[in-house]
Amino acid sequence: MYHDFNVCQPADERGYLPIADHGLIGNLRTAALISIDGSVESYCVPNFDSPSIFVRILDKDKGGHFSITPTVPFTTKQSYLPSSNVLQTKFLNDKGVATVTDFLPRQPSSNTARPLLSWLIRRVEVVRGSISLRMECAPAFNYARSPHTLEIIPDLSIPVPDTTPDHIHNKALFSSSEAKLELDLRYVLESSLAGVPEPNLELQVLDLTEKGHLGHSVFCNLELIEGQAVTFILRTPPERTYPHVAQPSTERAKELGIPFEKLVLGASNLRAPDDPVLTRALVHELLETTNQYWNAWIRRSTYSGSWKEAVHRSALALKLLIYEPTGAVVASPTFSLPEFIGGTRNWDYRASWIRDSSFTLYALIRLGFTHEANAYMDFIFERVKAKNPDGSLKIRYTIHGDKEFPEEELTHLEGHQGSRPVRIGNGAIDHIQLDIYGELMDCIYLGQKYGKPLGYDTWVAVREIVDYAVSVRNDPDLSIWEVRGKKKHFTYSKVMLWVAIDRGIRLADKRCLPCPKRLEWFAARDELYEVIMHKAWNPEGQFFGQSYEDKDVLDSSLMIMPLVFFSTPADPRFLNTLRAILRSPERGGLTSNGLVYRYDVNKSDDGVGGEEGTFCLCTLWCIEALARAGEFDKAMLSKAVAMFEDFLQYTNHLGLCTEEISDAGEALGNAVQGFTHVTLISAAYNLSRMQAKLKI
């Protein structure tokens, strides 16, 4: 995608960019959003759910940013390196071209000797002509709530020659005692062409306190020509192992009566032992090994169907959302990006939802990533074994497996384009959403079918989950959509409770596992099916309603019915519901321009208020339902293919997906959205499978 910037403004005067105009990098601990104009707009350290240090995407003035941007008018292109999550942004004008390469390092899977370096690395290089750029590093600790100090001091991790150097390398050290975090910004200078000198660089103090920053920032102006490069490294520095007095300073040099350069030479030997010497070779090695890591990972994919490029990009995006220490998959690495510009539907998705489990596992298995699937299953089983006293589960857990994720509003942040409130944490963690037991049991069933078998103790815990599903099958809840109104008997939840019981029966039968309540499970499953068919069916409208109480309200989550084998895709009741949803909103349906809404917010009071866009998940579920119905009606398969091709146009310039899409085609909601990428993989897989089956 090609973006034009007719007027380049200083970073502190820049407004908001659209949500879609960002790429994502990560290291399986955390992730960073990088804008098309070269700014780190969202970054939490050290983990996905840690407080942010950059979050300009939610407050353009004081949210914090790390930008490398031309000071002259430019156009920009942004892409990933092939089969990789290393991001490259290119700035172009008539006089020069510069590239910024961004990544968080990963070592090859076979190399466990080197610890993971939690560094954010940004390499800027001029590949043609000359170009002027400005680097600004303006951290805002603890969601821009905690003050910090800034020191510009000698960098002891840079090799110093034995002779007195012409230029002492400095670094910026940001310290926040309140946030209990230090960051340092270092750099490496480089020339790749003979006769071209290394560039000059001087870190200077930048005062953005008038904009609301709670500490000073740094900047530098770069005049680079072809062959020159600068690599910036932002990290949490290792603890100093030498006395503070050893830190070089001009005052200390005068006190000792020796040249400052000699003091630096001596202090360089006192570097922390776990602080690797920062050299050009190390920077190049980290870039090469990180790129090799992603290349090797995606080569393990067994997918051979259509839309392979989109599927593999979705797989790479999904991999970025995995928290490696526990195997959890975060729903999104961002928080509080609005579902409607100026609206109030702004949520924190930096946690792992039980609901996502079966869909995520299905996608990983279908692509051949069994290691990730098994790690995720281990995370899920640990949650199952730690049930609540009444036998229930939380609807989501933190990436560390904790049950608490308290919701808080950050009133000092203005929100993306004024979309308030900005929320961290998520109060819905305590909601009663009974559908999760269906997704969970489907996940366990898929894991047994394609992954490693469960043991007896785990089966006993799983059996208790099914018993719980049986006991609550007639209870109301707050639905998949996490409504903040009153409880109802939501049809989707009832379908998924049926799935929970059904998968328990299937597991017991296929694995010949002991099941003392087998007959009770059979009776409960069949009874629930009959109740759904009676109480959720709208005989006048000829479609399944959102709930037993609101049978006149359509809900696109019910496209899940044939996907979980509650009904066949050729069932007349399901097909009538599908056709009703495919009508435009003006004709009582939920589909606009090939994109599908969750439900009509004007007909269904969800207790939140405000507007929202079409839901990517629902669009893809609809596509997959059409694909499965296409086995009996080829016209539906053709429609599914057309809708899928159209949907791919709404992914961004990198093939990444958000949660929703506005009427104007703009990306909305948290980015990158894992559930969307998971359902994209599933839709592509089943479309390809159906095309092959019908020889189309």
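Residues: numbered from 1 along the sequence shown.
Between Arg128 and Glu226, none of the side-chain N atoms (NZ, or NE/NH1/NH2) sits under 4.0 Å from a carboxylate O, so this pair counts as no salt bridge. Salt-bridge annotation for Glu324 and Arg106: present, with a side-chain N of the basic residue lying under 4.0 Å from a carboxylate O of the acidic one. Between Glu136 and Arg56 there is no salt bridge, since none of the side-chain N atoms of the basic residue sits less than 4.0 Å from a carboxylate O of the acidic one.
Annotation for Ser191 and Pro197: closest pair CB-O, 3.8 Å, computed over non-hydrogen atoms. Scanning all heavy atoms of the two residues, the minimum distance from Ile399 to Tyr323 falls at O-CD2, 3.5 Å. Across all their heavy atoms, Phe232 and Leu185 have their closest contact at CB-CD1, 4.1 Å. Across every non-hydrogen atom of Ile25 and Asp102, the tightest pair is CG2-O, 3.6 Å. Contact record, Arg134 with Thr71: CB-CG2, 3.7 Å, taken as the closest heavy-atom pair. Nearest heavy-atom pair across Asp348 and Trp353 is O-CH2, 3.8 Å.
With His169 contributing its side chain and Tyr187 its backbone, the two residues share a donor-acceptor pair below 3.5 Å. A donor-acceptor pair under 3.5 Å links the side-chain atoms of Thr289 to the main chain of Glu285, judged by distance alone. In this structure, Ser332 contributes its side chain and Val672 its backbone to a donor-acceptor pair below 3.5 Å. The closest donor-acceptor contact from the side chain of Tyr16 to the backbone of Gly415 lies under 3.5 Å. The main-chain N or O of Thr30 is never found under 3.5 Å from a side-chain atom of Tyr43 such that the two would form a donor-acceptor pair. Put simply, the side chain of His213 gets close to the backbone of Asp61: a donor and an acceptor are under 3.5 Å apart. In this structure, the side chain of His677 engages the main chain of Cys657 through a donor-acceptor pair within 3.5 Å. A donor-acceptor pair is defined here as one N or O able to donate and one able to accept, closer than 3.5 Å; such a pair exists between the side chain of His22 and the backbone of Pro18. Using a distance-only test at 3.5 Å, with no hydrogens or angles considered, no donor-acceptor pair links the side chain of Ser67 to the main chain of Thr69.
Contact annotation: the side chain of Asp184 approaches that of Arg235 to within less than 4.5 Å [non-hydrogen atoms, C-beta and beyond]. A heavy-atom distance below 4.5 Å is not found between the side chains of Thr76 and Pro70. The side-chain heavy atoms of Asn93 and Phe91, taken from C-beta on, include no pair separated by under 4.5 Å. Contact check for Trp297 versus Leu316: side-chain heavy atoms found under the 4.5 Å cut-off. In this structure, the side chains of Leu58 and Leu410 stay at 4.5 Å or more apart for every pair of heavy atoms. Between Phe369 and Ile322 there is no side-chain heavy-atom pair separated by less than 4.5 Å. The shortest distance between side-chain heavy atoms of Leu201 and Leu222 falls below 4.5 Å. Between Phe103 and Leu286 there is a side-chain heavy-atom pair separated by less than 4.5 Å.
Surrounding CD of Gln204 are more than 12 heavy atoms belonging to other residues, nucleotides or ligands, all under 6.0 Å away. The local environment of NE2 in His371 is sparse, with at most 12 non-hydrogen atoms from other residues, nucleotides or ligands closer than 6.0 Å. Atom CG of Asp402 has more than 12 heavy atoms from other residues, nucleotides or ligands within 6.0 Å.
A donor-acceptor pair shorter than 3.5 Å cannot be found between the side chains of Asp59 and His412. Inspection of the Ser175 and Glu182 side chains reveals an N or O donor paired with an N or O acceptor under 3.5 Å. Using modelled atom types, one finds a donor on one side chain and an acceptor on the other under 3.5 Å when comparing Asp37 with Ser35. A side-chain N or O of Thr334 and one of Asn670 form a donor-acceptor pair less than 3.5 Å apart. Arg29 and Ser118 share no side-chain donor-acceptor pair at under 3.5 Å. Side-chain contact, Tyr143 with Glu408: no donor N or O sits under 3.5 Å from an acceptor N or O. Side-chain contact of Ser176 with His148: a donor-acceptor pair under 3.5 Å is absent, judged by distance alone. If you check the side chains of Gln673 and Thr658, you find no donor sitting under 3.5 Å from an acceptor. Remark: the Thr411 side chain and the Glu409 side chain contain no N/O donor-acceptor pair separated by less than 3.5 Å.
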(request) Go through the steps for Leu654 and Leu87 under the test side-chain contact (heavy atoms from CB on, under 4.5 Å), then give the verdict. (result) CA-CA 10 Å; Leu654 299 168; Leu87 186 67; 3.8 Å; yes

(request) Decide yes or no on side-chain contact (heavy atoms from CB on, under 4.5 Å) for Val277 and Leu282, but give the supporting numbers first. (result) CA-CA 8 Å; Val277 176; Leu282 176 60; over 6 Å; no

(request) Decide side-chain contact (heavy atoms from CB on, under 4.5 Å) for Thr398 and Asp49; before the verdict, give the C-alpha distance in whole Å, the side-chain angles of both, and the deciding distance to 0.1 Å. (result) CA-CA 8 Å; Thr398 72; Asp49 56 356; 4.3 Å; yes

(request) Would you check, one step at a time, whether the test side-chain contact (heavy atoms from CB on, under 4.5 Å) holds for Tyr397 with Lys403? (result) CA-CA 5 Å; Tyr397 294 83; Lys403 295 181 179 182; 3.7 Å; yes

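Note: Thr99 OG1 to Ile68 CD1 = 10.5 Å, rounded to the nearest 0.5 Å. Atom CG of Asn27 and atom CG of Leu104 lie 5.0 Å apart (nearest 0.5 Å). Once rounded to the nearest 0.5 Å, the distance linking CG of Asn346 with CG of Leu337 reads 8.5 Å. To the nearest 0.5 Å, atoms CD (Gln228) and CD (Glu223) are separated by 10.0 Å. In this structure, CD on Gln88 lies 5.5 Å from CG on Leu81, to the nearest 0.5 angstrom. The CG atom of Leu206 lies 9.5 Å from the CE atom of Met135; values are rounded to the nearest 0.5 Å.
Judged by the 6.0 Å distance and 45° axis criteria, Arg350 is not positioned over the aromatic ring of Phe48. Annotation: cation-pi geometry not satisfied between Arg396 and Phe405 (NZ/CZ under 6.0 angstrom from ring centroid, within 45° of ring axis).
A tilted orientation is assigned to the rings of Phe54 and Phe66, their planes being inclined by 30° to 60°.
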